[in-house]
Protein chains: 2
Amino acid sequence: MNINRPLATMTAIAEALGVSAATVSNALSGKGRVSVDLAASIKAKAEEIGYVPSQAAKALRTGRSGVIGLVLPDISNPLFPQIAQAIEHAASAAGYAVLIGDSRGQIARQTEAIARLLERGVDGVIIIPRRGSRVVDIGAPVAIIDSPSTPGNTVSADHWEGGVQMGRYLASLGHRRVLLIGQSTTSNVQVDRLGGLKAGLGPDVRRETLWVERREAEIGAGQCLGLSAKVAEGFTAFAASSDLLALRVLTELQRSGIDVPRQASVSGFDDLVWSSVVTPQLTTMRQDLDLIARNAVAALGIGIGNKDTSVAAAPMAANGERIAMQLIVRQSTAAPVAVPEEIQKREESE
Amino acid sequence: MNINRPLATMTAIAEALGVSAATVSNALSGKGRVSVDLAASIKAKAEEIGYVPSQAAKALRTGRSGVIGLVLPDISNPLFPQIAQAIEHAASAAGYAVLIGDSRGQIARQTEAIARLLERGVDGVIIIPRRGSRVVDIGAPVAIIDSPSTPGNTVSADHWEGGVQMGRYLASLGHRRVLLIGQSTTSNVQVDRLGGLKAGLGPDVRRETLWVERREAEIGAGQCLGLSAKVAEGFTAFAASSDLLALRVLTELQRSGIDVPRQASVSGFDDLVWSSVVTPQLTTMRQDLDLIARNAVAALGIGIGNKDTSVAAAPMAANGERIAMQLIVRQSTAAPVAVPEEIQKREESE
DNA sequence: TATTCATGATTAATCGTTTAATCACGCAGA
DNA sequence: TCTGCGTGATTAAACGATTAATCATGAATA
């Protein structure tokens, strides 16, 4: 395009204006002492020749790359696009670029992925750890987005409180028999969400918990979870710990000829992209990912500013910010139809 | 962790062994002339002190950052996780790191996102352009993953041929009345897929095309598409241009009390994560994203090797590799039930 | 007139690698 | 003995920005 692009350096500006490179640097950064008119003409010249600072040189000199790493051990996580977008946005607002760190779904490679990022000279790392895996000290600023109940967590949605909200909402609709559905008990996030749900539903609501991973160990993966039987038992609401699970629940119920939400309500968590395209649209809890991302980046920024990287992680781990979740009511939840008498009786006698 | 980490430089190795830094560089890169035993002891020392080359210094000196940018204009694309993972893997195998470029869903910001990546000194950019947006010459190596029918496309799945496969499969099941469902006519990918579907279904199959975006302009977003009416008309198969659309179709049909696949078959494209968790599991076409990613990175590698970046894009645009798609048959498709007589008659009379 | 001081700009070193150019040295051929 | 050459290593100059230290200049003060 332009032959002078590689020449668009500070020295080039300096030579063109007959000043020293240091002056150019000072003018552009506004740090040293430069007369206003010289600074103006330097900036004009920079603009004119299309000057773009060399990140490599800056990184070499300052020891900061202006890049942070983002590690998502479970990249198949459907929330990934939204998280990545939120982090990228927050990071670029803070002047950072984001490098992808992928551990290819294997927990063991999480450390390896982090190491690769560190070799690339990232100034810090944001990690969304896979279910319960611990992050070792890596000698660099780290922000962990997991769950408030995870030790070392830096910032995350308040999954418990989100569960409470959803639980209260379902109870307020009149549901008195709710099935809580989680994928795995090793996930702090899911445990929190279901725990919150129980608390929110209150003591007057009967509930049962279904852990899909455990059930699948018996019946085989991908099999029906036997939800229509639960409806027959009198369950009127199915609260899943994630939209993915909610989707599974929704389609299984529909397949069994159960009308959602008339005969059974279904709710999820995360507000994934498809939540609003399915019929009926899914009621769910949304995380404020933008806010979470901003906090994570901010926490990192503090750490990066720290000279001593080995202790930088300590002050950050202290905050453990928890971000409120937002209830998104759509079509998959409604008040239950009148409970059949025989079930109501049995329930009372129990 | 170790105070000597910042000291783990080439010069440190050189001093420790009493040789020059140049010799260390030669030994480690295997380029210059170094005696085998000296090289061995240099490598040993490097290992010992935990030497990690400074990417910044290397980038400054060589003019190559070893980083490529990945631009996904529509980051909410549910295929993003898989694409990102594939690209990251292919890139790291080729010695590159991947920087996220996000245009926040806005087509106009695509160029802006690319510019930001370029400022970061990326050696090349992989772009998955949003529906039909053109990529301007950016004076750096670019690989475009879109559709073979897009001018400038570098590598992509053979969406048309994938459509043909799916069409043949549906026809072979015995479907004679198929509804093709796409989101937007501005997407080359979707147009290709539906075009291939038509070709694959052959002349004996009656079909109609539903463009959701167009329909929603009339009925409003998120409304029912009136698919049960189509079933009543005699349509036995619904072939969507993406899994997201297929999911919408599936749930709408189920909501209407239509049994999938007994009364209607549903198929999608992309094999997204949820395809196998819904009930019934979705029949779909899978892209070989790993192969696509490898090709894209390879194409970039060629370009990066080129000194003259302004013409580097030219030889790459020439290949336009198309990667075969793979049919994943699951539960959402089956042979149609016998067609009701009156419909069959009407069809014949038309 | 001599001293101090603020201002504005320059010098030069530095970050860690790469690489072309150079050098020292021993050995074979003339 | 002198020249030429291959081998193994060194020198030194980049790459482009940052920054502490220095310097020149003129105005204000003693």
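The figures that follow rest on heavy atoms only: side chains count, while hydrogens, waters and symmetry mates do not. To find a chain, count down the sequence lines: A is the first, B the second, and so on, and within it residues start at 1.
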When you check the phosphate oxygens OP1 and OP2 of C/dC15, does a side-chain N or O of B/Thr9 lie under 4.0 Å from one of them?
-> no

Residues passing the side-chain hydrogen bond (donor to acceptor under 3.5 Å, both in side chains) test with A/Ser35, sequence neighbours excluded, are A/Asp37

5'-most by nearest nucleotide on DNA chain C - B/Leu60 or B/Lys31 | B/Leu60

A/Leu17 CG - C/dA9 P separation (whole Å) = 11 Å

Partners passing side-chain hydrogen bond (donor to acceptor under 3.5 Å, both in side chains) against A/Ser20 (at least two apart in sequence or in another chain) = A/Thr23

Answer yes or no: is there a donor N or O on one side and an acceptor on the other, between the side chain of A/Thr62 and the main chain of A/Lys58, under 3.5 Å?
-> yes

Mind checking what makes side chain to side chain contact (heavy atoms under 4.5 Å, CB included) contact with B/Arg116, not counting sequence neighbours?
-> A/Glu88, A/Ser92, B/Glu112

State which residues pass side-chain hydrogen bond (donor to acceptor under 3.5 Å, both in side chains) with A/Arg109; sequence neighbours excluded, sorted by chain then number.
-> none

Would you tabulate the nitrogen or oxygen pairs shorter than 3.5 Å linking the protein to nucleotides 9-12 of chain D?
unit_1, atom_1, unit_2, atom_2, d
D/dA9, OP1, B/Ser35, OG, 3.0
D/dA9, OP2, B/Ser35, N, 2.4
D/dA9, OP2, B/Ser35, OG, 3.1
D/dT10, OP1, B/Ser20, N, 3.3
D/dT10, OP2, B/Ser20, N, 3.1
D/dT10, OP2, B/Ser20, OG, 2.9
D/dT10, OP2, B/Thr23, OG1, 2.3

Mind calculating the distance between NZ (A/Lys58) and C1' (D/dC15) to the nearest angstrom?
-> 16 Å

In whole angstroms, the gap separating P of C/dG16 from CZ of A/Arg120 amounts to 18 Å

Please state whether the phosphate of D/dC15, meaning OP1 or OP2, lies under 4.0 angstrom from any side-chain nitrogen or oxygen of A/Ser54.
-> no

Go through the structure and list residues passing side-chain hydrogen bond (donor to acceptor under 3.5 Å, both in side chains) with B/Ser65, not counting sequence neighbours.
-> B/Asp123

Starting at CG of B/Leu28 and ending at P of C/dT19, how long is that distance when rounded to a whole Å?
-> 13 Å

Can you tell me the distance, in whole Å, between the CD1 atom of A/Ile42 and the P atom of C/dG8?
-> 13 Å

When the distance from CD of A/Gln55 to P of D/dC15 is rounded to whole Å, what number comes out?
-> 19 Å

